[in-house]
Amino acid sequence: MWTLNNLSKQCLALLSSILLVGSAFAQDLKLEDLVNEALKYNPEILAFRDRIDAARQRVPQAKSLPDPMFMFGYQNEGFDRYSYGEEQGSQWMFGASQQFLFPGKRALKGEMAERDAESQEAMFELLKLKTVARVKELYLDLFLAYKNIDLLKGRQDIFTRIEDLTLSRYSSGKAMQQEVLMAQTEKYMLLEKEAMFNQKIESLGAMVRATIGREGSAPLGRPGDPSYQLFPYTIEEAVQMAFRHSPEIKSRNKMIDAAEARVKMALKEFYPDFSISAGYYNRQGDFKDMWSLISSINIPIYYKSKQDPALLEAKAGLAQAKRELEAVKLMITAAINDNVSMIKSADKLMDLYKNGLIPKNTQDVELALSGYATGRTEAIVVLSRLKTLLEYETQYWTQFTEREKAVARVHAIAEGLYSKPGGERK
């Protein structure tokens, strides 16, 4: 008897020591610090910022005139000798030409590039919001893993009480050894779950470091308790706010503006461009130098196979951009419906767990423990009720984190919906 009891305690102490190694580093980890670090060092954000810089550099290129052309050459009369200065047609020639687009084309090209850049900037804001939401979700997952460990440790004393009761009843011949082993097995299963949560903490830490752009494998620390974010909006209100503030919708609107500019540009292509060339001809002897000024235009006579298809292509691109905007609105509406429903469902379940199931099952566990101590209840009943209580406590905090993650996702969908940080605990 003494050997069984002491072996149990020694194993428990050993496993607890091992598990403490994984959580000994846990210190306060602030969400705000992680968000700021992600916005500053996230690789995707840095790459997208370079993409925007590149898009902005295309604007002055689009507005610029084509490069001027410089021409020089020599003209000789006859093939038998160098006749410069001896023959009237022998001369050195120098010239320059510049092409000019039909009025309005350069402005439209610049507008297309400008709208493309603005679309990229709007998508950049969306990327930042999604990155912040991702950091928040990982932060909440970390919080939940630590909270689950706290719940397990918080109930270990009750499992120890059950084990002590089974040992006492077994030593007095009132219980079978199977009950002792059952109680000890349940306690070891808690340690197994704790080890699994510690492993999850390591995995989540790696994902957080990748998201915030931090190298190495140094421990992050323990998240603080997140605030309960109020959500006073209906689905319809949230959808309308998303339509007004969503960076993705802003980006799609800019794409439509760019597509409309392409249609205007395609119409302009039916009009000719022109170029101006100036030449200087140097001659020697009795022959005077000459100069010339020439203007030329292109004639779009192949419009059936060139300009007409280009116009149809631009109109199809405009129609595509408009349909994509409608598709984005539908996806945003669906996403908000999903997340708002999740928030409301989580609120109801949290209230059920906190004010109903958890208090009731806490009383059931105490009654079962008292009944087992007096022999009126079996050990399996006590263990079953305690496991149920632990499950309800775990589900409460799971719903809490899922709710806050849904709030973060809505924030990413509709920029500005939650401009005020903080909140209250529930």
Side-chain angles (χ1 to χ4, degrees), residues 12 15-16 18-20 22-23 26 29 31 136-163 182-205 207-208 220-229 339 341-369 379-409 423-426:
L12 179 60
L15 288 172
S16 297
I18 294 174
L19 293 172
L20 283 173
S23 58
L29 180 66
L31 176 59
K136 289 179 179 179
E137 289 191 33
L138 291 172
Y139 183 88
L140 289 165
D141 285 335
L142 265 178
F143 160 77
L144 181 60
Y146 277 108
K147 177 60 68 173
N148 282 326
I149 291 176
D150 291 342
L151 294 175
L152 294 175
K153 289 182 176 180
R155 295 305 178 186
Q156 280 180 359
D157 60 332
I158 300 182
F159 280 94
T160 300
R161 285 174 58 189
I162 296 174
E163 181 187 16
M182 185 189 305
Q184 292 174 345
T185 299
E186 291 294 338
K187 186 166 63 175
Y188 294 144
M189 287 176 65
L190 291 185
L191 295 175
E192 178 192 24
K193 290 182 180 180
E194 187 175 344
M196 293 173 62
F197 283 124
N198 273 301
Q199 188 278 328
K200 187 173 184 179
I201 287 172
E202 291 292 332
S203 177
L204 289 169
M207 287 189 282
V208 170
L220 293 172
R222 173 169 181 156
D225 288 354
S227 299
Y228 176 91
Q229 301 293 321
N339 285 285
S341 297
M342 185 179 297
I343 292 169
K344 293 181 178 179
S345 175
D347 281 332
K348 293 179 181 178
L349 289 172
M350 288 167 60
D351 182 69
L352 177 63
Y353 289 132
K354 182 178 180 180
N355 300 314
L357 293 174
I358 292 177
K360 182 181 183 303
N361 278 269
T362 300
Q363 295 176 357
D364 287 345
V365 169
E366 292 299 330
L367 290 174
L369 279 171
I380 190 172
V381 174
V382 183
L383 292 171
S384 176
R385 291 183 180 179
L386 182 54
K387 288 169 63 177
T388 300
L389 173 60
L390 188 58
E391 177 67 19
Y392 287 149
E393 291 176 327
T394 301
Q395 284 300 317
Y396 172 83
W397 288 107
T398 299
Q399 290 298 322
F400 175 85
T401 55
E402 290 302 319
R403 180 194 185 279
E404 297 305 310
K405 286 158 67 173
V407 171
R409 286 192 291 269
E424 63 180 29
R425 290 301 309 279
K426 183 174 181 178

* To do: Apply side-chain hydrogen bond (donor to acceptor under 3.5 Å, both in side chains) to Glu391 and list each qualifying residue two or more places apart in sequence or on a separate chain.
  => Gln395

* Any side-chain heavy atom of Tyr139 sitting closer than 4.5 Å to one from Leu29? -> yes

* What residues form a side-chain contact (heavy atoms from CB on, under 4.5 Å) with Lys136, not counting sequence neighbours? -> Leu31, Val132, Ala408, His411

* Structure fact -> Closest non-hydrogen contact found for Leu152 with Glu194 is CD1-N, 3.7 Å

* **All side-chain contact (heavy atoms from CB on, under 4.5 Å) counterparts of Ser203, not counting sequence neighbours** => Gln199, Met207

* To do: Please name the pair of heavy atoms, one in Pro226 and one in Phe400, separated by the smallest distance, quoted to 0.1 Å.
  => CG-CE2, 3.4 Å

* Arg222 CZ to Lys147 NZ distance, which is reported to the nearest 0.5 Å -> 6.5 Å

* Separation of Thr401 OG1 from Leu144 CG (nearest 0.5 Å) -> 4.5 Å

* To do: Output all residues satisfying side-chain contact (heavy atoms from CB on, under 4.5 Å) with Ala145, sequence neighbours left out; order by chain, then residue number.
  => Ile201

* Asked: Hey, is the main chain of Asp347 close enough, under 3.5 Å, to the side chain of Asp351 for a donor-acceptor pair?
  -> no

* To do: Can you see which heavy atom on Leu142 is nearest to which on Leu220, and at what distance?
  => CD1-CD1, 4.3 Å

* To do: For side-chain contact (heavy atoms from CB on, under 4.5 Å), just list the numbers for Glu393 and Leu389, CA-CA rounded to whole Å, side-chain angles, deciding distance to a tenth of an Å, and then say yes or no.
  => CA-CA 6 Å; Glu393 291 176 327; Leu389 173 60; 4.3 Å; yes

* Residues that Lys344 engages under side-chain hydrogen bond (donor to acceptor under 3.5 Å, both in side chains), provided they are two or more places apart -> none

* Distance (rounded to the nearest 0.5 Å) between Thr362 OG1 and Leu357 CG -> 10.5 Å

* Nearest non-hydrogen partners of Ile343 and Ala406, listed with the distance -> CG1-CB, 3.7 Å

* Structure fact -> Taken in chain and number order and not counting sequence neighbours, the residues that satisfy side-chain hydrogen bond (donor to acceptor under 3.5 Å, both in side chains) with Glu402 are Lys405

* **Leu151 CG to Trp397 CH2 distance, which is reported to the nearest 0.5 Å** => 8.5 Å

* What closest approach, in Å, do Phe143 and Gly224 show between heavy atoms, and which atom pair accounts for it? -> CD1-O, 3.9 Å

* Between CG of Asn148 and CG of Leu390, what distance do you get to the nearest 0.5 Å? -> 8.0 Å

* **ring pair (Phe, Tyr, Trp, His ring centres under 6.0 Å) partners of Phe197, counting only residues at least two apart** => none

* **With sequence neighbours excluded, residues passing side-chain contact (heavy atoms from CB on, under 4.5 Å) with Asp364** => Lys360, Asn361, Arg385

* Could you list the residues that satisfy salt bridge (charged side-chain N to carboxylate O under 4.0 Å, His left out) with Glu404, not counting sequence neighbours? => none

* Thr398 side-chain N/O to Thr394 backbone N/O, donor-acceptor pair under 3.5 Å -> yes

* Who pairs with Lys193 by salt bridge (charged side-chain N to carboxylate O under 4.0 Å, His left out), at least two apart in sequence or on another chain? -> none

